[in-house]
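Structure first, then comments.
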There are 2 protein chains.
Amino acid sequence: MRERGYFAIREAIRERISEGEWAPGKTMPGEVDFAAEYDCARATINRALQSLAEEGIIERKRRAGTRVKELPTRRAKFEIPIVRLEVEARGHAYTANLIAQETKAAPRRIAQTLRLHRGAQALHLETVHLASGRPYAYEDRWVNLTAVPEILEAPLYKVSANEWLVRHVPYSSGEVCFSALHAGKRQAEILGVAQGAALFAVDRTTWLEDEYITHMQLYYSPGYQMRTRI
Amino acid sequence: MRERGYFAIREAIRERISEGEWAPGKTMPGEVDFAAEYDCARATINRALQSLAEEGIIERKRRAGTRVKELPTRRAKFEIPIVRLEVEARGHAYTANLIAQETKAAPRRIAQTLRLHRGAQALHLETVHLASGRPYAYEDRWVNLTAVPEILEAPLYKVSANEWLVRHVPYSSGEVCFSALHAGKRQAEILGVAQGAALFAVDRTTWLEDEYITHMQLYYSPGYQMRTRI
DNA sequence: CAGTGGTCTAGACCACCAG
DNA sequence: TGGTGGTCTAGACCACTGA
């Protein structure tokens, strides 16, 4: 272990944990001890250990010290990309069809989700995302016009609402929900699959501060997989 | 902005980004400038900006400086918990039925995934996870006996294989894949749903260094949702 | 090749909380 | 209440890479 850097130290400690040097739940050496052992500053050890703590491998508490987690809950990270980029990353040509665009009163469920006033108008958009001409995903979206009235001027036939919103309201917060659903009549029709087909679905609500911006449901064509490393 | 801490500085900068102070793709001030502005050490600014970079909001390059991302791809984090903890977190009593446990030659697909020799024996386990007595998920797992022969001595009727493995080979790496599948005959039977029902499925392969440990498929009962914040 | 971010150091003070 | 981790500082050197 004569490599430099908190990275090397982190990996060295990770390996010692894997090898069972400290049993789960047991206290590990303190930062000062590690610093002496690896002959570096305490801040460097701190960086390494914080990094492991972020991964969910160890737990750190003031006064109580650092412990190996009893039941490590691994944290998986997903990139939530724009559909266009996702399609292009798979080596396909991306196109999109805006199959419906209408301003109307939002149904109750959407109005609740977006905190709209009773009977408020909202923009409803339906889009099919295509990969090399084949249906890739069907998007059903409602946009709060109070939050982003400018979207009515946007050329949504050219830039998908997804992408327009990301560019204009880029750093919003949100909630994402993944599930498996049966294709309804509309989804089946649009994606060209049998009604009742199992679809991977993503629900997403985004807001900025107190203002709810949009709610989207995305239904992927059968066979879609979301992968990640842990 | 007279609060202390890299946290406060990070949130202040995040807000300035949200408000559009620097257009996407434009260069932001350097660390030295920010340090002067917030009257703190450069290291503190570095911590704040690295944190924003990890979130995927900004991009940093040596020499080129720090930029607001053009198309921010948000990173969602998921905890990948032990099923028992997931069930208990929902306020249900957890039980599990080990419905099959057999050592036999792994089918070709599993053997490939786990890098087993031709015709090697592996442990096949089928488990139903129950929440308050109702089927919650069906688990189909293969374990590489070369990697963890001790599992044959484990009381798997008491501790789920999932949990035993987490305790005994806690810090392995893995690949996770989420998808939507139709319930096959076996899954339908076990979960008590109609054949063809849409199920949320998780595939997971884990390994430690070069040794492949286990491959698992988990089929959740209909209605399961995986949620997270971004 | 100069300027940016990446990292390290030694020292310091503080917040937290288990003993 | 003392020992732990959390954070800050001022200064330094280095690695990378765009102008």
Side-chain angles (χ1 to χ4, degrees), chain A residues 1-14 16-17 21-70 72-73 75 77, chain B residues 1-14 16-17 21-70 72-73 75 77:
Chain A
M1 240 311 291
R2 279 299 73 197
E3 281 189 68
R4 304 313 320 274
Y6 84 95
F7 182 88
I9 292 176
R10 184 188 67 198
E11 293 311 310
I13 295 177
R14 188 207 301 287
R16 291 169 72 180
I17 292 172
E21 180 163 343
W22 307 284
K26 293 297 279 293
T27 305
M28 298 167 59
E31 297 190 348
V32 179
D33 304 322
F34 271 132
E37 181 180 343
Y38 287 106
D39 189 26
C40 65
R42 183 167 77 92
T44 303
I45 297 296
N46 183 275
R47 187 121 166 59
L49 292 180
Q50 282 203 8
S51 175
L52 290 173
E54 245 181 62
E55 285 180 40
I57 288 180
I58 62 178
E59 270 174 334
R60 324 192 67 208
K61 265 192 228 152
R62 281 161 156 133
R63 171 71 192 181
T66 300
R67 295 161 178 277
V68 178
K69 264 209 185 174
E70 289 274 4
T73 60
R75 290 186 189 135
K77 276 190 199 168
Chain B
M1 237 311 291
R2 279 301 73 198
E3 278 188 69
R4 303 314 321 275
Y6 82 94
F7 182 88
I9 292 176
R10 184 187 68 199
E11 294 312 311
I13 295 177
R14 188 207 302 287
R16 291 170 70 180
I17 293 172
E21 180 162 343
W22 306 285
K26 291 297 278 294
T27 305
M28 297 167 58
E31 298 190 348
V32 179
D33 304 321
F34 270 132
E37 179 179 344
Y38 288 107
D39 189 27
C40 65
R42 184 168 75 93
T44 303
I45 297 295
N46 184 273
R47 187 122 166 62
L49 291 180
Q50 282 203 7
S51 176
L52 290 173
E54 246 181 62
E55 284 180 42
I57 289 181
I58 62 177
E59 269 174 334
R60 323 190 71 210
K61 265 192 227 153
R62 280 160 158 136
R63 173 71 191 179
T66 300
R67 294 161 177 276
V68 178
K69 264 208 184 173
E70 289 273 6
T73 60
R75 284 175 199 147
K77 277 189 198 169

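Just so you know, these numbers use all the heavy atoms, side chains as well, and skip hydrogens, waters and symmetry mates. The sequence lines fix the lettering, A, B, ..., with proteins before strands; numbering per chain opens at 1. Being a predicted model, the structure only gives us computed values, none of them experimental.
- Of the side-chain N and O atoms in Thr66(A), one or more sit less than 4.0 angstrom from OP1 or OP2 of dG5(D).
- The shortest side-chain heavy-atom distance between Tyr38(A) and Ile13(A) falls under the 4.5 Å cut-off.
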Could you go through nucleotides 10-13 of chain D and list every protein N or O atom that sits under 3.5 Å from one of its N or O atoms, giving the distance for each pair?
{"residue": "dA12(D)", "atom": "N6", "partner": "Arg42(B)", "partner atom": "NH2", "Å": "2.9"}

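- Whole-Å rounding puts the Arg60(B) CZ to dT17(D) C1' distance at 15 Å.
- Separating the CZ atom of Arg10(A) from the P atom of dC8(C) is a distance of 11 Å, rounded to the nearest angstrom.
- Listed by chain and number, the residues in a side-chain hydrogen bond (donor to acceptor under 3.5 Å, both in side chains) with Glu59(B) amount to none (sequence neighbours excluded).
- For Gln50(B), the side-chain hydrogen bond (donor to acceptor under 3.5 Å, both in side chains) criterion is met by Arg47(A), Asn46(B), not counting sequence neighbours.
- A search for salt bridge (Lys or Arg N to Asp or Glu O under 4.0 Å) contacts involving Glu55(B) returns Arg14(B), not counting sequence neighbours.
- With sequence neighbours left out, Arg63(B) forms a side-chain hydrogen bond (donor to acceptor under 3.5 Å, both in side chains) with no residue at all.
- Comparing the end axes of the helix from dC1(C)-dG18(D) to dA18(C)-dT1(D), each fitted to five base pairs by superposing C1' atoms of four pairs onto the next four, gives an inter-axis angle of 10° (nearest 10 degrees).
- Under the side-chain hydrogen bond (donor to acceptor under 3.5 Å, both in side chains) criterion, Arg67(B) pairs with no residue, sequence neighbours left out.
- To the nearest angstrom, P of dG5(D) lies 22 Å from CZ of Phe7(B).
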Problem set entry | Test side chain to side chain contact (heavy atoms under 4.5 Å, CB included) applied to Lys69(A) and Ile57(A), step by step | CA-CA 6 Å; Lys69(A) 264 209 185 174; Ile57(A) 288 180; over 6 Å; no
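- Listed in residue order, the members of residues 50-57 of chain B having a heavy atom less than 4.0 Å from DNA chain D come to none.
- Evaluation of the salt bridge (Lys or Arg N to Asp or Glu O under 4.0 Å) rule for Arg10(B) yields no partner, not counting sequence neighbours.
- Note that CG of Leu52(B) and OG1 of Thr66(B) are 9.5 Å apart. Values are rounded to the nearest 0.5 Å.
- Here dG6(D) presents its C1' atom at 17 Å from CD of Glu59(A), a figure rounded to the nearest Å.
- Taking atom CD1 of residue Ile45(B) and atom P of nucleotide dT9(D), one finds them 9 Å apart after rounding to whole Å.
- In terms of heavy-atom proximity, Ala23(A) sits nearest to Val68(A) at O-CB, 4.0 Å.
- Across the protein-nucleic acid pair, Phe34(B) atom CZ and dG5(C) atom P stand 10 Å apart, rounded to whole Å.
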Kindly give the atom pairs (protein nitrogen or oxygen, nucleotide nitrogen or oxygen) under 3.5 Å for nucleotides 15-17 of chain C.
{"residue": "dA15(C)", "atom": "N3", "partner": "Arg62(A)", "partner atom": "NE", "Å": "3.2"}

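- Once rounded to the nearest 0.5 Å, the distance linking CZ of Arg60(B) with CE of Met28(B) reads 8.5 Å.
- Between Thr44(A) and the phosphate of dT9(C), there is a side-chain N or O to OP1/OP2 separation shorter than 4.0 Å.
- Proximity of residues 24-33 of chain B to DNA chain D (heavy atom under 4.0 angstrom from any strand atom) is not detected for any residue.
- Distances shorter than 4.0 Å separate none of the side-chain N or O atoms of Asn46(A) from OP1 or OP2 on dG5(D).
- For Arg62(B), there are no salt bridge (Lys or Arg N to Asp or Glu O under 4.0 Å) partners, not counting sequence neighbours.
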